[in-house]
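Just so we're clear, the structure is a prediction, and the values are computed from it rather than from any experiment. Along the sequence shown, residues carry numbers from 1. Indexing begins at 1, ligand by ligand and atom by atom, following the structure's order.
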Amino acid sequence: MDLFSAEAGLQPIPIEDGELAMLAQLPLPIPNADVLRRLVDETPWRAETIVVYGQRHLQPRLTAWYGDAGYTYSGLTLDPLPMTPLLRQLHAAVEAATRRRYNSVLLNYYRDGADSMGMHSDDERELGREPAIASLSFGATRTFVLRHKASKRTLKFDLTDGSLLLMAGSLQTHWLHGINKTAKPTGARVNLTFRYIA
Ligand SMILES: O=C(O)CCC(=O)C(=O)O
């Protein structure tokens with residue numbers, strides 16, 4: 001089945017060396033503002049320390065990891081929490097829209113514009129060779145930056161409240177992605193990346 005068919009509602013974004021598609025608003029039975037409030041209030045957020053090039057850093061955002069399996073990146077191992085009823089609803093909606101299966105979700109809470117995520121690829125071995133990663137956003141709009149590892153070509157997309165971005169094919173092999181800090185007054189945002197951990 002075509003991952004990016006019009007029926008799925010996802011609009012393909014032309015890109016070399018990978019696959020990308022976007023849906024402006026994932027159909028949900030709950031208003032976006034309620035989802036954001038519940039995610040912020042109900043999640044046991046953690047401020048994690050990671051190791052980058054041998055140096056320990058506090059991540060500039062809060063995180064939580066849910067699903068069937070643990071996940072290790074940047075020297076940090078996350079033990080999974082069981083998905084809540086709200087996360088199960090979001091998981092079902094994301095699986096339906098993307099026609100892919102996921103068994104885990106990483107939640108990132110950007111409290112304001114000072115919170116960010118450094119440029120990286122989701123290329124850990126347990127994600128498989130060409131992972132499909134579905135990124136669902138609630139709250140403040142933040143700019144998602146993609147940079148090609150070889151050509152350094154840079155693309156930017158605004159990830160708005162309720163939007164779904166699907167990264168697939170060889171995208172994680174060839175591109176880095178991240179969320180820059182912004183000096184503009186910026187409210188809270190929660191991003192969920194659904195993944196399949198083998
Ligand atoms: O917050 C975002 O949109 C990016 C999340 C991300 O890059 C990740 O979870 O790997």
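Residue Leu159 touches ligand 1 through its side chain alone, judged by heavy-atom distances below 4.0 Å. Here Leu165 has no heavy atoms under 4.0 Å from ligand 1, in either its backbone or its side chain.
Ligand 1 is approached by Arg195 to a heavy-atom distance shorter than 4.0 Å. Within the 4.0 Å heavy-atom cutoff, His120 counts among the residues contacting ligand 1.
Interface of Leu106 with ligand 1, defined as ligand atoms under 4.0 Å from a residue heavy atom, comprises 9 (O). Remark: ligand 1 atoms within the under-4.0 Å shell around heavy atoms of Asn108 are 9 (O). Every atom of ligand 1 is numbered from 1 in the order shown, and the set under 4.0 Å from a heavy atom of Asp122 is 10 (O). For ligand 1, the atoms closer than 4.0 angstrom to any heavy atom of His177 are 6 (C), 7 (O), 10 (O).
A donor atom on one side chain and an acceptor atom on the other are found under 3.5 Å apart for Thr72 and Thr77. In this structure, a donor-acceptor pair under 3.5 Å is absent between the side chains of Asp112 and Thr186. Judged purely by distance below 3.5 Å, without hydrogens or angles, the side chains of Thr173 and Asp17 never pair a donor atom with an acceptor atom. Using a 3.5 Å distance cut-off with no hydrogens or angles, the side chains of Arg142 and Thr182 do not pair a donor with an acceptor.
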Would you check, one step at a time, whether the test side chain to side chain donor-acceptor pair (under 3.5 Å) holds for Asn180 with Ser116?
CA-CA 5 Å; Asn180 291 341; Ser116 62; over 6 Å; no

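Within 6.0 Å of the CZ atom in Arg111, the count of heavy atoms belonging to other residues, nucleotides or ligands exceeds 12.
Of all non-hydrogen atoms in Leu23 and Gly9, the two that sit nearest each other are CD1-O, 3.0 Å.
Between His174 and His148, the ring planes lie parallel to each other; the angle is under 30°, not in the 30° to 60° tilted range.
Looking only at protein heavy atoms, the nearest one to atom 1 (O) of ligand 1 is Tyr110 OH, 2.6 Å. Atom 3 (O) of ligand 1 has as its closest protein heavy atom Arg189 NH2, 2.8 Å. Distance from atom 6 (C) of ligand 1 to its nearest protein heavy atom, with residue and atom name: Met117 SD, 3.2 Å.
Considering only non-hydrogen atoms, atom 2 (C) of ligand 1 lies nearest to Asn191 out of Thr193, Asn191, Thr63.
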